[in-house]
Number of protein chains: 2
Amino acid sequence: MSKKISDSTIKRLTLYYYFLTTKKDNTDIVISSQELAQSIGVTDAQVRKDLTYFGSFGKRGTGYNIKHLCEKLSNILGVKKVIEVALVGVGNLGKALMSYRGFEEYGYKIKYIFDSDHQKIGKKIMGYTCFNTFAIPEVVKKNKINMAIMSVPKDSAQNVAEKLINSGVRAILNFAPCKIIHDSSKVKVINVDVASELKALSYYLLSNK
Amino acid sequence: MSKKISDSTIKRLTLYYYFLTTKKDNTDIVISSQELAQSIGVTDAQVRKDLTYFGSFGKRGTGYNIKHLCEKLSNILGVKKVIEVALVGVGNLGKALMSYRGFEEYGYKIKYIFDSDHQKIGKKIMGYTCFNTFAIPEVVKKNKINMAIMSVPKDSAQNVAEKLINSGVRAILNFAPCKIIHDSSKVKVINVDVASELKALSYYLLSNK
DNA sequence: CGTTGTGAAAGGGTTCACAGCT
DNA sequence: AGCTGTGAACCCTTTCACAACG
């Protein structure tokens with residue numbers, strides 16, 4: 001079962017899951033791959049393929065039992081467990097992320113926040129005490145945090161990432177517009193580069209003039 | 001020349017461009033695909049491949065002239081022109097995006113902001129007058145805005161997107177955790193789903209226990 | 001009969017490896 | 001000799017199409 005599953009598959013599975021949770025107490029207790037697919041905006045074959053990486057959850061001729069499928073997806077995605085994350089960089093983006101409901105909904109809890117700005121260190125920001133970035137090793141190690149969100153300027157991104165990784169963090173969501181270079185195969189970094197997403201869009205606009 | 005270029009290629013080109021601008025007034029006026037690749041975190045073949053979709057900008061045996069390459073990339077990406085965008089949804093994320101420097105740096109200017117909350121409509125928020133979402137057709141059409149950022153709740157996302165598209169918007173950066181369904185091949189939507197990115201990360205954590 | 005589950009085919013992006021210039 | 005430019009090979013993801021099954 002330890003085949004390699006792509007990021008895209010996992011992202012779609014979360015979409016399936018969160019769509020199904022909105023339907024759970026509906027009268028129709030089964031859903032076809034086609035209906036699920038249309039709601040999410042993918043093909044039905046894609047839905048079935050994604051699911052079969054993890055098992056056979058449906059009934060031929062009928063479809064998928066929603067409750068049953070939810071449970072399976074919940075297990076696959078580890079929804080039940082609340083995961084504590086550290087957030088580094090309490091600028092505008094960092095604050096937006098702190099107040100972003102989606103994280104809670106998806107089972108995350110921002111537990112510690114860090115910044116290198118002395119105006120912020122030690123102060124309470126949106127209910128959280130802001131730690132010095134230098135305290136990352138101490139705080140992260142002691143509390144066994146293994147997931148972090150980085151909303152720092154790109155010049156300090158690599159540096160902060162190394163601090164996090166050396167302190168035991170194994171998954172980083174990076175908002176700085178740069179690739180994080182690391183050699184451990186046990187560490188996974190996902191980049192969210194908002195501006196370069198936009199750039200891709202405007203290239204599209206340009207090339208369709 | 002009208003081959004289809006992938007989003008990933010365009011995103012990398014922007015990384016090349018913005019990296020090179022930091023080197024422009026350096027002494028070394030040429031750079032090899034290898035050096036550029038290492039700085040960004042990709043392979044040298046990838047760099048060369050990306051560039052050759054648009055032409056031959058280098059000198060064999062030497063490398064790429066930085067200034068020359070910058071100019072070429074600037075043209076490809078349409079860097080010079082400032083693009084005006086509309087932002088719909090002035091919640092926390094919306095505000096973060098409004099104060100996000102990256103956009104300006106990459107040649108974007110948020111010009112109009114919209115929200116459906118009557119507490120916000122008509123008020124000045126961070127220097128911008130907030131319009132009613134219902135005014136999208138009027139404002140967007142009149143001012144020929146063709147790019148938009150959506151930071152609205154997922155329940156209104158499809159609705160807002162349709163308003164934008166019907167008003168002439170052809171490129172949307174969508175932060176709502178849902179796919180936007182549209183039939184026009186002239187419209188491009190890029191989704192940035194922060195929570196599901198995180199979810200992909202935590203699946204990774206889980207599967208490596 | 002309808003829908004799943006799945007091997008096979010197709011499609012798309014990345015890497016290889018080397019010919020071709022400078 | 002060194003580095004680019006590029007077809008071919010490779011790999012990964014999506015789609016197809018249909019056998020299997022309730």
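Bear in mind the structure is a predicted one, so any value in this text is a computation, not a measurement.
Candidate nucleotides D:dC21, C:dT22, D:dG5 were compared by shortest atom distance to the side chain of B:T52, and D:dG5 ranks first. Distance from the side chain of B:R48 is smallest to D:dT6 among C:dT4, D:dT6, D:dC16. Closest to the B:R12 side chain, of the nucleotides D:dT4, D:dT15, C:dT14, is C:dT14. Of the candidates D:dT14, C:dG20, D:dA20, D:dA20 carries the atom nearest the A:R60 side chain, counting heavy atoms from C-beta on.
For A:Q46 and C:dG12, the CD to P distance is 14 Å, given to the nearest whole Å. Taking atom CG of residue B:D44 and atom P of nucleotide C:dT15, one finds them 10 Å apart after rounding to whole Å. In this structure, A:L69 places its CG atom 14 Å from C1' of C:dT3, rounding to the nearest Å. Distance A:K59 NZ to C:dG5 C1': 15 Å, rounded to the nearest Å. The nearest whole Å value for the distance from the CD atom in B:Q38 to the P atom in D:dC3 is 12 Å. As a whole-Å value, the separation of B:L51 CG from C:dT14 P is 14 Å. Atom CG in A:L36 sits roughly 12 Å away from atom P in C:dG5 (whole-Å rounding). Atom CD1 of B:I40 is separated from atom C1' of C:dT14 by 17 Å (rounded to the nearest Å).
Side-chain rings of A:F131 and A:F114 approach one another, their centers coming within less than 6.0 Å.
Between A:S8 and D:dT13, a side-chain N or O to OP1/OP2 separation shorter than 4.0 Å is absent. Look at A:Y64 and you'll find a side-chain N or O under 4.0 angstrom from OP1 or OP2 of C:dG5. In this model, the phosphate group of D:dC12 is not approached by any side-chain N or O of A:S6 to a distance below 4.0 Å at OP1 or OP2. Between A:S33 and the phosphate of C:dT3, there is no side-chain N or O to OP1/OP2 separation shorter than 4.0 Å.
Proximity of B:F54 to B:L13: side-chain heavy atoms (C-beta onward) are separated by under 4.5 Å at one or more points. Proximity of B:I10 to B:L77: side-chain heavy atoms (C-beta onward) are separated by under 4.5 Å at one or more points.
In the model, A:Q158 has a side-chain atom that pairs as donor or acceptor with a side-chain atom of A:E162 under 3.5 Å.
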Exercise. I would like to know whether A:K11 and A:D7 meet salt bridge (Lys or Arg N to Asp or Glu O under 4.0 Å); could you show each step before the answer?
Key: CA-CA 6 Å; A:K11 284 188 205 162; A:D7 286 357; 5.8 Å; no
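DNA chain C is contacted by both A:G61 and A:K49; A:G61 maps to the nucleotide lying nearer its 5′ end (nearest heavy atom per residue).
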